[in-house]
Amino acid sequence: MSHEVVLVEDDPDHAHLTQRALSATPHDVELDHVQDAASGIDRIRSSPPDLVLLDLDLGPSSGFEVLEALREDPQTACVPVVVLSTSTGNNRRRRCYLEGANSFVPRPLEYDELQDRLDLIVRYWLSLDAAPE
Amino acid sequence: MREEEAPKAATGQVLLSPQARAVSWDDPARALLGPDDWLAHRNLDEILDPAGGVEPLETLAERSPVRFTARTQHPDVDRLLRATLTRMAGPEERLSLRVRGISTSPDVLDEAAGPRELGRLVDELPVGLYRTTPSGRVLYANATLVEMLGLDDRTPLIDRDLEAEAFEPAYPRETFRERLEEQGQVRGLEARWTREDGEAIVVRETARAVHDEDGRVRYYEGVVEDVTETVETERRLETNQLRLEALLRLGPLTLFALDDRGRLNFLEGADLEALGLDRDIQPGHPLEELEFVDEATERTVQHALDGIPGKTELHVGGRWLEADLVPVPDERSLEDAVIGVLVDVTDRREAKQAVFAAQNRLEAVIERAPIILSLLGPDGEIRYVGGAGLEGLKLDRASLIGQNPLEMDMSVSLQKNIERALEGEAFTETIQVGGRWLKVESVPLEDEEGELKEVLRVGTDVTEQIRARYEARRLNETLERRVRERTAELKAANEELRSLTRSLAHDLRGPLQTVDGYAGVLLEDHGSVLDDHARALVERIREATETTNERIEALSSLSRVTQRTLELDTVDLSEVARRVLDRLRERDPDREVTTKVADGLEVRADPDLAEILFENLLENAWKFTRDQGSALIVVEPDPEASEPVIRVRDNGTGFPPDRADQLFEPFERVSRASVEGTGIGLATVRRIVDRHGGWIEAESPEDEGATFRVQLGEAVDG
């Protein structure tokens with residue numbers, strides 16, 4: 001069964017690498033990529049996916065905008081959101097959880113490591129976790 | 001008969017020798033007494049016939065001058081004379097006789113010398129006359145004697161037997177008879193008589209026995225004088241004399257008297273010897289001969305002789321004496337013309353000098369002291385004001401004395417201060433007076449009964465001190481404010497640095513991830529066409545990104561270390577070291593490193609920073625022992641140190657000794673060998689050590705690896 005994953009990431013290189021890393025995993029995933037918060041909110045509202053991979057630094061906008069919007073809307077309130085970000089400050093992590101993110105995974109330096117982590121994320125959230133519909 | 005009518009006022013003077021022989025005389029004397037050839041070398045007794053039983057020469061022995069009535073014995077001169085015999089002052093002891101004619105009238109003579117008159121004279125003489133039988137029967141008593149006895153007439157007396165009646169039981173009859181027998185007369189026998197009215201009188205009797213041709217006593221005749229008053233006077237005199245002697249004996253007075261020529265008549269006192277004065281000074285001793293008598297004294301003596309009392313000071317026998325001279329009034333005609341008292345004033349003088357000196361000293365001190373000192377009376381009037389503090393106040397000191405400050409114009413605070421002081425309170429208060437700050441101390445001075453006598457006030461100008469204090473306070477506040485500002489600035493700067501570092505680290509991570517990412521992709525997609533060399537190149541790209549990442553992390557860590565507040569706790573460094581080494585082993589499982597960590601390395605430190613410190617030190621050691629076959633890392637206490645010091649040593653490549661200082665600078669790569677190391681690690685260590693107030697040293701003996709010695713402030717006794 002194919003799962004829908006939305007990636008909210010403004011850096012094209014990071015997005016490309018994430019896509020590649022994901023595709024290297026043995027999961028059937030349909031990855032949709034948006035580059036800013038507004039588009040992200042629209043896309044997720046229009047058709048709630050199975051998982052959201054959210055970067056916090058979206059250029060002019062911020063991942064928190066997305067979180068807030070999603071959690072406000074009952075339609076999207078229960079969509080699993082995994083924050084995938086280079087900034088790992090404790091305060092930001094805390095805020096993510098408080099604003100309704102389900103998980104926080106730091107973006108690793110190494111590409112190999114990225115592959116491993118994405119594999120774990122997908123396995124957990126798309127296979128193990130039973131999110132409400 | 002030569003009846004020269006000598007003028008009534010004319011007085012003749014005759015100079016007599018000490019033996020009363022006429023030496024020289026003047027004309028009036030000649031007229032009254034007799035011609036020259038008759039007068040020459042004649043004795044006084046031969047010249048004059050005194051009346052009234054007076055013996056001039058004998059009386060002169062007791063007092064001088066002697067006045068009496070007399071007639072010259074020259075047959076041709078018949079004048080009644082008033083004579084004055086005087087002992088003259090001077091060394092020759094001559095006598096002077098002055099004579100004045102009383103009257104030449106014959107009527108007077110008859111009147112005075114007729115028998116009836118004579119009878120009356122006898123009866124009314126101011127002395128009592130009597131004749132008694134040897135046994136005491138009164139034959140005759142004159143009116144005066146009768147009166148003396150307190151009787152109305154002589155009837156009761158006549159024919160009374162004095163002895164038989166025991167007329168006067170206390171009468172010393174035995175003495176009377178004895179004297180009469182021994183000397184043929186009684187002179188001046190004193191007795192007490194009781195009058196008829198009971199009053200007691202004292203009498204002096206002079207009597208003799210009149211004998212018949214056979215030598216038997218016919219009768220006694222005598223003269224009785226009422227000397228009651230005289231005796232009283234004599235007794236008083238004696239008492240006074242005794243008192244005087246006692247006074248002089250007991251001192252401290254010395255009494256002296258001078259005659260009318262200024263010669264010493266009398267000198268007596270307890271201290272004569274001590275004063276170096278001779279007790280044996282004879283009357284008539286000239287003053288000038290006493291060596292301590294100076295000009296001033298002679299002048300004062302002269303003034304006294306002229307009737308002006310005075311004082312003079314003498315320096316005798318090392319002591320100072322004050323002589324007080326009082327002239328004796330002329331009218332008394334006593335022996336002494338001047339009486340004086342000598343008092344030893346040495347002590348008084350010395351005391352006065354001491355007081356004077358002390359006062360001078362005190363005043364000198366007061367006038368130099370930078371104070372204003374004043375003494376107020378109990379009502380507030382100024383009795384004294386002084387002190388160097390008055391300079392510049394332009395006050396006329398003299399005019400202030402006697403003024404009452406409460407009546408002057410002044411500030412309320414000063415007025416209240418003075419009022420409080422006048423209530424007898426001792427206190428110190430700082431008040432403002434005319435633009436200056438004065439610290440005024442009031443001290444009440446009381447007498448033995450606790451009555452306020454005076455108030456002492458000492459004022460010190462403390463304006464400068466108070467200003468200085470204000471200045472200091474102001475300065476302090478300014479400084480504190482500046483410190484606060486600086487601290488805030490520093491904090492802000494630190495904060496800025498911190499956030500800058502954080503954002504930098506954050507911003508760099510992204511691109512790094514991209515670089516590594518694409519390197520990986522490159523290998524994935526095109527690895528098959530890459531030869532080993534190319535693949536190795538790609539590896540190096542990836543390694544470089546890893547290094548960059550580490551440096552960024554270390555920089556972040558360093559800025560964090562600088563920023564945070566120390567939270568001290570007891571930290572077991574042995575545990576920390578072991579934990580860190582375990583992590584290193586986990587990260588690098590392929591390496592074989594022998595580690596030794598001593599137990600019980602406890603210090604008081606910030607636990608997190610201590611962890612970072614050891615992370616850096618041990619990572620350093622881990623890296624630098626990479627090339628060693630049997631790598632060794634030891635964490636132990638420094639046995640040689642006197643204070644608690646921890647040693648971290650390894651047997652790695654070490655570092656050249658001349659680079660030891662730069663070891664702890666950020667980004668210095670010191671090792672010869674190309675072993676990677678961020679170079680920030682040790683800077684961080686240094687920063688942590690500094691924040692704990694400790695120190696760190698690094699040593700690298702040739703081929704013996706590196707040894708770091710760390711002291712983190714106090715250690716806790718394990």
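So that the names make sense, note that chain A is the first sequence line, chain B the second, and so on, each numbered from 1.
Around atom CZ of B:R583, more than 12 heavy atoms belonging to other residues, nucleotides or ligands sit under 6.0 Å away. At most 12 heavy atoms of other shown residues, nucleotides or ligands fall within 6.0 angstrom of atom CD in B:E592. Residue-environment remark: CD (B:E485) exceeds the threshold of 12 foreign heavy atoms within 6.0 Å. For B:E489, the CD atom sits in a packed shell: over 12 heavy atoms of surrounding residues, nucleotides or ligands are nearer than 6.0 Å. Shown here is A:R94, whose CZ atom has no more than 12 heavy atoms of other residues, nucleotides or ligands within 6.0 Å.
Here the closest non-hydrogen pair linking B:G510 and A:H14 is O-NE2, 2.9 Å. Between B:Y518 and A:D13, the shortest heavy-atom contact is OH-OD1, 3.1 Å.
Side-chain atoms of B:Q513 and A:E113 include no donor-acceptor pair closer than 3.5 Å.
Atom-to-atom distance recorded for B:L512:CG and A:L109:CG is 6.0 Å, nearest 0.5 angstrom.
Using a cutoff of 4.0 Å between basic side-chain nitrogens and carboxylate oxygens, B:R509 and A:D57 are not scored as salt-bridged.
Here the rule is side-chain contact (heavy atoms from CB on, under 4.5 Å) with A:Y111, and of B:V521, B:T514, B:V515 only B:V521 fits it.
Side-chain contact between A:D112 and B:R542 is present, with heavy atoms from C-beta onward closer than 4.5 Å.
Heavy-atom distances place the side chain of A:R20, and not its backbone, under 4.5 Å from chain B.
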